[in-house]
Enquirer: 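My questions will all concern the structure given below.
Residues: numbered from 1 along the sequence shown. Since we're looking at a predicted model, the values are computed, not measured.
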Amino acid sequence: MRDAYHEELDSIGEDLVEMARLVGSAIGRATTAMLDADLNLAETVIAADQRVDDLQHELEARAIALLARQQPVATDLRIVVTSLRMSADLERSGDLAQHVAKLARLRFPDKAVPHDLHATILEMGQLAQRLMAKAAEVIITKDVDLALQLEQDDDEMDLLHRALFQHLMDDRWKHGIETAVDVTLLGRYYERFADHAVSVAKRVVYLVTGEHADELQTPTSVEGA
């Protein structure tokens, strides 16, 4: 019985890794679909999100069954509850990738992003994918140091988002209101996607240590204090 119980816990972790890999791939493919105005690719991203939703539902069902049957305590309870929260982060990440693909579909055959912002949006998409890949690695390895690095990595996304907003506010903007709204939404989608990757990593820190990530950050010492 205990072996079966721990196999169930392991399978929950495996589902989380698969979800992270699926949504990481989705944001990369959605970015390509949007920048290339590739309708077929956008449609595949939109349709593939159902698999992420299905995985979350399956994970929730198994987790609730474990809570009911085994009544886990201490570390095992933390694993189950934290996994449920991580699955919600990952499901939402999949929705955000789908939003990017839906915008590509909405503007087809035109491109939602003007040429002078292609490089910035491409960089945001690639960074979002890298952050989620690192979150998947954190789930597998339970590496607390790597998990804590994600928040620093996310600073790069914040800088890109700020640069995008400054471009929109520039008096030389010539692409109209509709495109400005599209680009604003895209920036928000990528920023939120990155936030969810960071959230997943922080939840792994809590799973491993029983402490919240913010509590483990070492404050910078002040000379002469």
Enquirer: Measuring only between side-chain heavy atoms, which start at C-beta, is Pro109 closer than 4.5 Å to Leu39?
Expert: no
Enquirer: Take Val23 and Arg92 through the test side-chain contact (heavy atoms from CB on, under 4.5 Å) and record every step on the way to the result.
Expert: CA-CA 9 Å; Val23 301; Arg92 182 58 184 147; over 6 Å; no
Enquirer: Decide yes or no for Asp158 and Asp154: does some side-chain heavy atom of the first lie under 4.5 Å from some side-chain heavy atom of the second?
Expert: yes
Enquirer: Show your working on side-chain contact (heavy atoms from CB on, under 4.5 Å) between Leu22 and Leu55 and close with a plain yes or no.
Expert: CA-CA 10 Å; Leu22 286 171; Leu55 279 169; 3.7 Å; yes
Enquirer: Please tell me whether Ser25 and Arg29 have a donor and an acceptor in their side chains that are separated by less than 3.5 angstrom.
Expert: yes
Enquirer: So, for Met19 and Ser87, which heavy atoms are closest and what is the spacing to 0.1 Å?
Expert: CE-O, 3.5 Å
Enquirer: Is there a donor-acceptor pair under 3.5 Å between the side chain of His118 and the backbone N or O of Val113?
Expert: yes
Enquirer: Any chance CD1 of Ile177 has more than 12 other-residue heavy atoms, nucleotides or ligands included, within less than 6.0 Å?
Expert: no
Enquirer: Measure across Ala26 and Val45 and return the closest heavy-atom pair with its distance rounded to 0.1 Å.
Expert: O-CG1, 3.9 Å
Enquirer: When you look at CZ of Arg85, are more than 12 heavy atoms from neighbouring residues, nucleotides or ligands closer to it than 6.0 Å?
Expert: no
Enquirer: Taking Leu185 as the starting point, is it possible to reach Phe108 by hopping between hydrophobic residues whose side chains are less than 4.5 Å apart?
Expert: no
Enquirer: Would you give the length of the straight line joining atom CD1 of Ile79 to atom CG of Leu84, rounded to the nearest 0.5 angstrom?
Expert: 12.0 Å
Enquirer: For the CD atom of Glu91 and the CG atom of Asp54, what is their distance to the nearest 0.5 Å?
Expert: 10.5 Å
Enquirer: Say you draw a straight line from CD1 of Ile12 to CD of Glu7; how long is it, rounded to the nearest 0.5 Å?
Expert: 12.5 Å
Enquirer: Of Gln56, Glu58, Arg62, which meets side chain to side chain contact (heavy atoms under 4.5 Å, CB included) against Glu60?
Expert: Gln56
Enquirer: Are the side chain of His57 and the backbone of Asp53 linked by a donor-acceptor contact shorter than 3.5 Å?
Expert: yes
Enquirer: Less than 4.0 angstrom from a charged side-chain N to a carboxylate O is my criterion; do Glu191 and Arg188 meet it?
Expert: yes
Enquirer: According to a 4.5 Å side-chain heavy-atom criterion applied to Ile, Leu, Val, Met, Phe, Trp and Tyr, with indirect links allowed, do Leu66 and Ile64 form part of one hydrophobic cluster?
Expert: no
Enquirer: If the threshold is 4.0 Å, N to carboxylate O, is there a salt bridge linking Arg69 and Glu8?
Expert: no
Enquirer: How about Asp170 and Gln166: does a side-chain donor come under 3.5 Å of a side-chain acceptor?
Expert: no
Enquirer: State which residue, out of Leu164, Leu127, Ile121, fulfils the side chain to side chain contact (heavy atoms under 4.5 Å, CB included) condition with Tyr190.
Expert: Ile121
Enquirer: Could you go through the salt bridge (Lys or Arg N to Asp or Glu O under 4.0 Å) check for Glu178 and Arg107 one step at a time?
Expert: CA-CA 10 Å; Glu178 183 177 84; Arg107 298 303 175 211; 3.6 Å; yes
Enquirer: Measure the spacing between CD of Glu14 and CD1 of Ile140 and express it to the nearest 0.5 Å.
Expert: 10.0 Å
Enquirer: Tell me the closest heavy-atom pair linking Ser199 and Asp89, and the distance in Å.
Expert: OG-OD2, 2.9 Å
Enquirer: Name the orientation class of the two ring planes belonging to Tyr189 and His99 (parallel below 30°, tilted from 30 to 60°, perpendicular beyond 60°).
Expert: tilted
Enquirer: Could you report the tightest heavy-atom contact between Arg21 and Ala136, atom names first, then the distance?
Expert: CG-CB, 4.4 Å
Enquirer: Begin from the C-alpha positions of Glu211 and Tyr206 and carry the test side-chain contact (heavy atoms from CB on, under 4.5 Å) through to its verdict.
Expert: CA-CA 5 Å; Glu211 297 183 67; Tyr206 177 71; 5.7 Å; no
Enquirer: Please identify each residue that fulfils salt bridge (Lys or Arg N to Asp or Glu O under 4.0 Å) with Arg192, with sequence neighbours left out.
Expert: Asp195
Enquirer: Run the numbers on His196 and Leu96 for side-chain contact (heavy atoms from CB on, under 4.5 Å), then give the verdict.
Expert: CA-CA 10 Å; His196 284 297; Leu96 291 164; 3.7 Å; yes
Enquirer: For Gln149 and Asp145, what are the C-alpha separation, side-chain angles and deciding distance, and is it a side-chain hydrogen bond (donor to acceptor under 3.5 Å, both in side chains)?
Expert: CA-CA 6 Å; Gln149 285 176 19; Asp145 291 334; over 6 Å; no
Enquirer: Which residue is it: Leu148, Thr141, Ile139, Thr82? I am looking for the one with a side chain to side chain contact (heavy atoms under 4.5 Å, CB included) to Val204.
Expert: Ile139
Enquirer: Evaluate the side-chain proximity of Leu186 to Thr184: yes if any heavy-atom separation is below 4.5 Å, no if none is.
Expert: no
Enquirer: Measure the shortest side-chain to side-chain distance between Leu131 and Phe193 over non-hydrogen atoms and say whether it is less than 4.5 angstrom.
Expert: no
Enquirer: Taking all atoms of both residues into account, what is the closest heavy-atom pair of Ile27 and Ala128, and its distance?
Expert: CG1-CB, 4.1 Å
Enquirer: For the atom pair CD (Gln152) and CG (Leu150), what is the distance rounded to the nearest 0.5 Å?
Expert: 9.5 Å
Enquirer: Flag yes if Leu9 and Leu90 sit in one hydrophobic cluster, no otherwise; membership is Ile, Leu, Val, Met, Phe, Trp, Tyr, and two members link when side-chain heavy atoms are under 4.5 Å apart.
Expert: yes
Enquirer: Can you tell me how far the CE atom of Met132 sits from the NZ atom of Lys134, to the nearest 0.5 Å?
Expert: 13.0 Å
